[in-house]
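Working notes, beginning with the structure itself.
Numbers here are sequence positions counted from 1. Any value given below was found using the heavy atoms of this structure, including those in side chains, with hydrogens, waters and symmetry copies removed.
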Amino acid sequence: MAELVHTMIVDDVATITLDSQHNRNALSKRLLEQLHAGIDVAEEARARAIVLRHEGPAFCAGADLKERSDGAPDSGPMVSVLKRLMDTGRPTIAAVDGAVRAGGIGLMASCDLVVVHSATTFALTEVRIGVAAAIISVPILRRVPSGKIAAAMLTGEQFGADEARAIGLVTHVTDNVATSVAALVVGIKAGAPRAVRETKALLRSVPMMDRDSAFADMERLSNELFLGPDAKVGMQAFREKQRPTWDPNESRQT
C-alpha cells in the first residue's frame, strides 16, 4: 500500500504530511485512514503540538471525486478526522503552502492555527458539482460568521489569503510558512503542557456556553490551575526572571 501520509515526531512535535500528489492530496479513503493513523502516532507519543502540512502544489483538493463516483458515499472517515483534529488535546497547526479546495478547507479549518502562504487560493466548489459543503460547514462556521463566507459557499468562487484572514478562516498569512510555523511551535512549547491543553479546550467550549455557566466553569478551572504545580513553577520562574522548566510527565497526559 502506498504511503500517502507521513508522520514524524521530532522534539516532541508531530509533523503529519499529506503526500498524495497524483490527485492533489484528495481525501481518499486510504489517505483518511493514514491520516487517522498519523494522529494516533502523535497522541501515543504525547506530542506537544501537531503540524499538518503537505507535499506538492496543493494542500488538499477536497474529496476524491473519482472514488466517490464509483461507490456508495461514506463520509464517516472524514467526519472522524475533522473531530479528531478539533478534539485532540494537542494544539494543531495547518501549514498551507498551496491551493485549498472544498473539503481541504474543512480539514484546514479543523486545526487550531492556520498558517498560509500569501499566494494561497481557496474555493468552496461543492455547489458547482451539485452538492453542498455540508460536513465541512461544521468546523468552518465555528471559525467564520456565516454572512462572511456565504458568497464563497453559494458561488464556489475563488478567494485569496488576505480575505481568508479577514473573515477569520485563517490565522496567519506569511511569505515563509515553515518559519512562521516553527515560531508558533516554539511559543506553544514555552507554555506548561496542561495550561496549553486547557487553553485549547476553552477556546472551543467557552463561545458555545451561556455566560453564567462559562464564568462558573472558568472560575473552577482558574482556581485549580493557580493551585497546581505548574503555576508554582511558572510564578517562581517569573520572579527569578528565568525560563520555567515544566514537569515532563505533564506532557504525557492525554
- Check step by step if salt bridge (charged side-chain N to carboxylate O under 4.0 Å, His left out) holds for Arg204 and Asp112. CA-CA 9 Å; Arg204 299 283 184 178; Asp112 301 303; 3.1 Å; yes
Rounded distance [0.5 Å steps], [atom1] in [X] versus [atom2] in [Y]:
X: Ile167; Y: Arg143; atom1: CD1; atom2: CZ; result: 10.5 Å
X: His54; Y: Cys60; atom1: NE2; atom2: SG; result: 10.0 Å
X: Asp162; Y: Ser118; atom1: CG; atom2: OG; result: 7.5 Å

- Task: Side-chain contact test, heavy atoms from C-beta onward, threshold under 4.5 Å: evaluate it for Leu27 versus Met78 and give yes or no.
- Result: yes
- Task: With the side chain counted from C-beta on, respond yes when Pro139 and Met86 share a heavy-atom pair under 4.5 Å apart, and no when they do not.
- Result: yes
- Message: Starting from Val10 and following side-chain heavy-atom contacts under 4.5 Å between hydrophobic residues (I, L, V, M, F, W, Y), which residues can be reached?
- Response: Met8
- With the threshold set at 4.0 Å, does a side-chain nitrogen-carboxylate oxygen contact exist between Arg53 and Asp97? no
- Query: With the threshold set at 4.0 Å, does a side-chain nitrogen-carboxylate oxygen contact exist between Arg194 and Glu198?
  - Reply: yes
- Message: Please check this pair: side chain of Gln158 against backbone of Phe122, looking for a donor-acceptor N/O pair closer than 3.5 Å.
- Response: no
- Message: Any side-chain to backbone donor/acceptor pair from Asp19 onto Glu55? Under 3.5 Å, distance only.
- Response: no
- Item | Audit row: Ile105, Phe59, side-chain contact (heavy atoms from CB on, under 4.5 Å) steps and yes/no | CA-CA 9 Å; Ile105 296 179; Phe59 174 75; over 6 Å; no
- Item | From CA spacing to verdict: salt bridge (charged side-chain N to carboxylate O under 4.0 Å, His left out), Asp40, Arg84 | CA-CA 10 Å; Asp40 287 340; Arg84 293 195 69 190; 2.7 Å; yes
- Task: Decide yes or no on salt bridge (charged side-chain N to carboxylate O under 4.0 Å, His left out) for Asp12 and Lys189, but give the supporting numbers first.
- Result: CA-CA 9 Å; Asp12 293 327; Lys189 292 176 69 176; 5.1 Å; no
- Using the test side chain to side chain contact (heavy atoms under 4.5 Å, CB included), find all partners of Glu67 that sit at least two apart in sequence or belong to another chain. Ser28, Lys29, Asp64
